[in-house]
Amino acid sequence: MGGKYIVRIPIKDQDSKIIGYEILYNGDHQAYSQDNENEFAAADTIYHFLTQNNAKTLHGTRNFMTFTTTLLMKKTPHLFDKSELVIQIDDSVIIHPLSMHFVNQYAKEGYKIAVNEFQFTPRYLSLLDTIDYIKIDAKATPKDTIRNTIEVAHSMGKKCIVTNVDNDETYQLVFSMQADAAEGSAVAKRMDTKVNTSAFLQSNFFRLIVAVTKDEPDIEEIERLISVDAGLTYGLLKMVNSAYFALRNQTTDIHQAVVLLGIDRLKQWIYLLSASNTEQSIDSGTEEFLKKSLLRACFSSELIRYAKNVPISRSDAYLMGMFSTLDNIIDAPLEDILSSIPLAEEVKQALLTREGRCGILYELVLSYETADWAAISRCAQELEIPDQVITSTYFNCVEDVNSLWEQLTNVAAQQ
């Protein structure tokens, strides 16, 4: 078995709005084993990771996490704010003689409770007074049972989430049955809107992104690229002159604005600026898309620090992640879009065909989003990336992207 990996999977309602994330970790089958020693070892690993990383893992969102008997008895839920955590339990907890005592106690303390793979059996039905969410596996449950379970859930004031929704047909079906939310690969890929940023997403803007992410950025080149685009010039100066930066003297000088903002913040924010029209707010779908682009960019550029024999720079890896979703915002094939961008050839091939060492890195990033444990382990081994750094790197990037978004939101609120 590979290392311990922990991933966030989005849970969305019918409007594609994220209601929370499921926290998945590999080795679940060990944690749920009847072998107490295996259960304790798996739970102990998760416990120590969460102790060190809970602020990064669960901060600011409603998160669903499956707790084993051992984790419940170790009082692991108390590591997290009850407003940000849903305690999930499954059959191994329900049949344990002591576990339900702890579950009921957490419920009294105000934690939300969810039951995985709900069944019409007495021991599940007896939980209905305690639980808030019922989860149904779309792959393992007949359609009629899904429909009946949703009706029962709603009749008792419970919300119903369908899991393993991996194709569009299943997606349409579960919401036609009035499911409250769903998760799975078909859900994760679905955006409620495409980003409407055509005014900025031109070859000049792409060249600006390339310029700011170079290992040794040329300030004069960045200044020149911004100065020929009225929208970017306005957005940059409005940001730098906002209350967030609290400048003693306002500036209309692009060179000074770039210097004041700093290359690190500029290269992280320039993509967000492209989506910020002076008359346009960022909706939830756009926010999700932009965060995914930034997270992929950050994760790719950080993983390459550890990867062996990948023939691109950190800035190239950053752009690989950033540009991986361009076909979501431009109505054209990705190959046509990339042909007009001065990207490294290895990056283009990775994005188009996943070939080469860069393609393996790209596949690792995508596999981590979907909790494909086998692919994660295979790609990590091929790139010789130590198992223990992947999850911590991922959640460091999650924290960085969330922080950047909060800063941008604060700037927008003060304008």
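Along the sequence shown, the residues carry numbers beginning at 1.
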Report task. State whether K112 and E84 are salt-bridged, where the test is any N-O pair (Lys NZ or Arg NE/NH1/NH2 against Asp/Glu carboxylate O) under 4.0 Å. Result -> no
Query raised in the report: Quick one: are E369 and R296 in side-chain contact, heavy atoms under 4.5 Å?
Result: yes
Report task. Give a yes-or-no answer on whether the side chains of T391 and Y368 include a donor-acceptor pair shorter than 3.5 Å. Result -> yes
Requested in this report: Would you please say whether a donor-acceptor pair under 3.5 Å links the side chains of T68 and T70?
Outcome: no
**Report entry** Rounded distance [0.5 Å steps], CG in D215 versus OH in Y318
**Finding:** 13.5 Å
Requested in this report: Please round to the nearest 0.5 Å and tell me the distance separating atom CD1 of I304 and atom CZ of R357.
Outcome: 10.5 Å
Query raised in the report: With a 3.5 Å cut-off and no angle check, do the side chains of S83 and D81 form a donor-acceptor pair?
Result: yes
Query raised in the report: Going by the angle between their ring planes, with limits at 30° and 60°, are Y111 and H78 parallel, tilted or perpendicular?
Result: tilted
Requested in this report: Answer yes or no: is there a donor N or O on one side and an acceptor on the other, between the side chain of K12 and the main chain of A182, under 3.5 Å?
Outcome: no
Requested in this report: Enter the distance from E382:CD to S377:OG here, rounded to the nearest 0.5 Å.
Outcome: 11.5 Å
Query raised in the report: Cut-off 3.5 Å, side chains only: do Y124 and D91 have a donor facing an acceptor?
Result: yes
Report task. To the nearest 0.5 Å, tell me how far T69 OG1 sits from K74 NZ. Result -> 13.0 Å
Query raised in the report: Are Y21 and F64 close enough that their ring centres sit under 6.0 Å apart?
Result: no
Report task. Supply the atom-to-atom distance I94 CD1 to I89 CD1, rounded to the nearest 0.5 angstrom. Result -> 4.5 Å
